[in-house]
Amino acid sequence: MQNAQARSILVVEDSRLQRAILRRTLVEAGYAVTEASDGVDALAALRGAPFELVISDVEMPNMDGCELCQAVRGDPALAGIPVMLVTVLASPRDLVRGIMAEADTYITKPYKPDALLSRVDALLGTRHERVGEGATCTVSFAGESYEVPADPQYTLNFLLATYENVVDQNHELDLLNHQKNQFLGMAAHDMRNPLFVIEQFSALLTGGMLGEVVAEQAKLIDRIRANSEFMLRLVDELLDITKIESGTLQLDMQPSDMVEFVQRNLALNRVVAEAKNITLAFDPPSDLAPIEMDAGKMEQVLNNLLSNAIKYSHPGTRVDVLVAFSEGHVRLSVRDEGQGIPADEQAELFTPFQQTSVQATEGEKSTGLGLAISKRIVSGHRGRIWVESEVGTGSTFHVELPVS
Ligand SMILES: Nc1ncnc2c1ncn2[C@@H]1O[C@H](COP(=O)(O)OP(=O)(O)OP(=O)(O)O)[C@@H](O)[C@H]1O
Ligand SMILES: [Mg+2]
């Protein structure tokens, strides 16, 4: 940077610590820094010596950052000095306040030193020039109308600052999301073993292998076992979803016989279906070539579709599985004669923990993760999953996989 030594910046900040941090960042980059602790203080400094840039906090006693900025713009001797606001930007209103005050740009706290310096550099290169003195225009934002200065230069600066912020924050959110997935994965993993112990020991107790258990006790132990089984399943689903979201889901693609695959899954669900007097039907197509898929993961998908069809249907109904080929795809469908899903709730079906107003018909447990996991597994196969459903008639869930 040329002549960085000569470039003087006024830092306006009521917090001593924040001021010290700002000063250090700027001084280390070669700028000359003067400090002021509020707007009034800052105006006095600005009238006493020349400055090339003002960096001001927004929230301050006496005169805040926006008021200071307005005062700078209102004073012909100071009006050209670029102003950068430092804000926590708690609401869109803060952004509009900055624009109305004619600040050139802003940066949100907490900021990275590099981001601050690159914005300082950009601002020092573009002196604030007012086009159309005093001209304003009306903008609608967050449900309200505002009269803002019609100066394209700093509107553009503000927009670019917002863009920069969003990119930074997205990056930050990605990082946090990754950490959250890691944490969730570890927590779910660590809960698995103790839960398994509870489930196994309660099974041992009800089995009577450790001495006689009276009926009342057996009932309670059975509840412990059933609940720990449910929690184990939930923990497994959480592990699945975190694995998938952190991008560590690995598919073991193998040629698989679709008919045999469906029949195996039907067998797994038959006991539960029979207990509800629901008929599971499958009419296998002839001469079906093997499909490339991860049969273990796809089993989770089909199992969830079958268990949903059974869970959300009334006794005495029927569930059909259909397999058909169409233009380079194989389509697997599970059709039920259940309650159907209201049209306005269908869009959210594949979102984690999303349950619709449709309840299980016999109080079966649900966590709202099955379809979210299914969707991610199907996407991993480069396929798609969707539903056709009508309240009172039933639902058909389709899964389409490419045939390579
Ligand atoms: N065949 C269906 N008929 C009617 N509603 C359904 C059907 N399948 C799913 N739903 C609705 O969609 C919601 C989400 O299903 P999903 O499989 O993701 O979760 P779940 O069955 O509630 O729990 P989990 O599968 O994690 O045990 C269900 O809670 C239910 O309201
Ligand atoms: Mg389910």
Side-chain angles (χ1 to χ4, degrees), residues 184-185 188 191-192 195 199 226-245 249 262 265-266 268-273 275-282 296-322 331-380 383-400:
L184 206 61
M191 279 192 277
R192 238 195 147 277
L195 280 170
E199 191 227 9
N227 277 295
S228 45
E229 243 174 39
F230 172 68
M231 281 174 69
L232 260 177
R233 206 168 59 82
L234 174 62
V235 159
D236 279 341
E237 288 189 335
L238 279 176
L239 270 174
D240 281 339
I241 207 118
T242 52
K243 243 191 244 161
I244 293 167
E245 293 209 330
L249 173 84
V262 172
N265 280 282
L266 283 174
L268 288 173
N269 284 277
R270 199 145 264 139
V271 183
V272 190
K276 273 182 97 169
N277 191 25
I278 288 174
T279 311
L280 292 185
F282 174 47
K297 293 281 182 296
M298 282 304 295
E299 190 164 311
Q300 275 178 272
V301 176
L302 182 54
N303 250 323
N304 182 54
L305 295 183
L306 286 171
S307 79
N308 282 354
I310 299 165
K311 192 155 61 167
Y312 300 105
S313 292
H314 290 291
T317 54
R318 167 190 168 110
V319 172
D320 280 283
V321 179
L322 303 115
R331 184 186 288 189
L332 178 66
S333 309
V334 177
R335 182 172 66 207
D336 66 48
E337 302 172 339
Q339 307 166 71
I341 304 158
D344 59 341
E345 295 184 56
Q346 290 177 16
E348 295 292 319
L349 274 180
F350 301 94
T351 310
F353 298 109
Q354 206 65 46
Q355 284 155 313
T356 70
S357 56
V358 185
Q359 302 281 325
T361 54
E362 303 213 319
E364 293 102 322
K365 291 228 158 82
S366 75
T367 58
L369 280 170
L371 285 174
I373 292 171
S374 303
K375 174 158 184 173
R376 285 156 174 80
I377 291 174
V378 172
S379 301
R384 59 188 193 111
I385 181 169
W386 73 102
V387 67
E388 284 170 340
S389 184
E390 203 176 307
V391 174
T393 307
S395 312
T396 306
F397 282 84
H398 302 282
V399 171
E400 212 167 60

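Note that ligands are numbered from 1 as they come in the structure, with each ligand's atoms numbered from 1 the same way.
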Only heavy atoms of [X], strictly under 4.0 Å: list the atoms of ligand 1 that pass.
{"X": "Ser395", "result": "3 (N)"}
{"X": "Gln354", "result": "13 (C), 14 (C)"}
{"X": "Leu349", "result": "11 (C), 12 (O)"}
{"X": "Gln355", "result": "22 (O), 29 (O)"}

Would the distance check show the side chain of [X] and the main-chain N or O of [Y] forming a donor-acceptor pair, the cut-off being under 3.5 Å?
{"X": "Thr317", "Y": "Gly338", "result": "no"}
{"X": "Asp336", "Y": "Ser395", "result": "yes"}
{"X": "Lys375", "Y": "Ile385", "result": "no"}
{"X": "Gln300", "Y": "Ile373", "result": "no"}
{"X": "Glu348", "Y": "Thr356", "result": "no"}

Heavy-atom contact check, 4.0 Å cutoff: does [X] meet ligand 1?
{"X": "Glu237", "answer": "yes"}
{"X": "Phe350", "answer": "no"}
{"X": "Arg233", "answer": "yes"}

>> Measuring only between side-chain heavy atoms, which start at C-beta, is Pro352 closer than 4.5 Å to Arg376?
In response: yes
For [atom], what's the nearest protein heavy-atom neighbour? Residue, atom name and distance, please.
{"atom": "atom 19 (O) of ligand 1", "value": "Gly368 CA, 3.1 Å"}
{"atom": "atom 28 (C) of ligand 1", "value": "Tyr312 OH, 3.1 Å"}
{"atom": "atom 1 (N) of ligand 1", "value": "Asp336 OD2, 2.8 Å"}
{"atom": "atom 17 (O) of ligand 1", "value": "Asn308 ND2, 2.8 Å"}
{"atom": "atom 24 (P) of ligand 1", "value": "Thr367 OG1, 3.5 Å"}
{"atom": "atom 31 (O) of ligand 1", "value": "Thr356 OG1, 2.6 Å"}
{"atom": "atom 16 (P) of ligand 1", "value": "Leu371 N, 3.6 Å"}
{"atom": "atom 25 (O) of ligand 1", "value": "Asn304 OD1, 2.9 Å"}

Using a 3.5 Å cut-off on N or O atoms only, is [X] in polar contact with ligand 1?
{"X": "Lys311", "result": "yes"}
{"X": "Ile341", "result": "no"}
{"X": "Ala372", "result": "no"}

Search all heavy atoms of [X] against all heavy atoms of [Y] and return the closest pair with its distance.
{"X": "Ala281", "Y": "Arg318", "answer": "CB-NH2, 3.7 Å"}
{"X": "Ser374", "Y": "Asn304", "answer": "OG-ND2, 3.6 Å"}
{"X": "Ser313", "Y": "Lys276", "answer": "O-NZ, 3.1 Å"}
{"X": "Val235", "Y": "Ala188", "answer": "CG1-O, 3.1 Å"}

Measure the spacing between [atom1] of [X] and [atom2] of [Y] and express it to the nearest 0.5 Å.
{"X": "Glu364", "Y": "Lys311", "atom1": "CD", "atom2": "NZ", "result": "7.0 Å"}
{"X": "Ile278", "Y": "Glu337", "atom1": "CD1", "atom2": "CD", "result": "9.5 Å"}
{"X": "Leu322", "Y": "Thr396", "atom1": "CG", "atom2": "OG1", "result": "8.0 Å"}

> Under 4.0 Å between a Lys/Arg side-chain N and an Asp/Glu carboxylate O for Arg233 and Glu229?
Replying inline: no
> Do Glu400 and Arg384 sit within salt-bridge range, that is, some charged N less than 4.0 Å from a carboxylate O?
Replying inline: yes
>> Closer than 2.8 Å to the Mg ion (ligand 2): how many protein N, O or S atoms are there?
In response: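 With waters ignored, the protein N/O/S count below 2.8 Å is 2.
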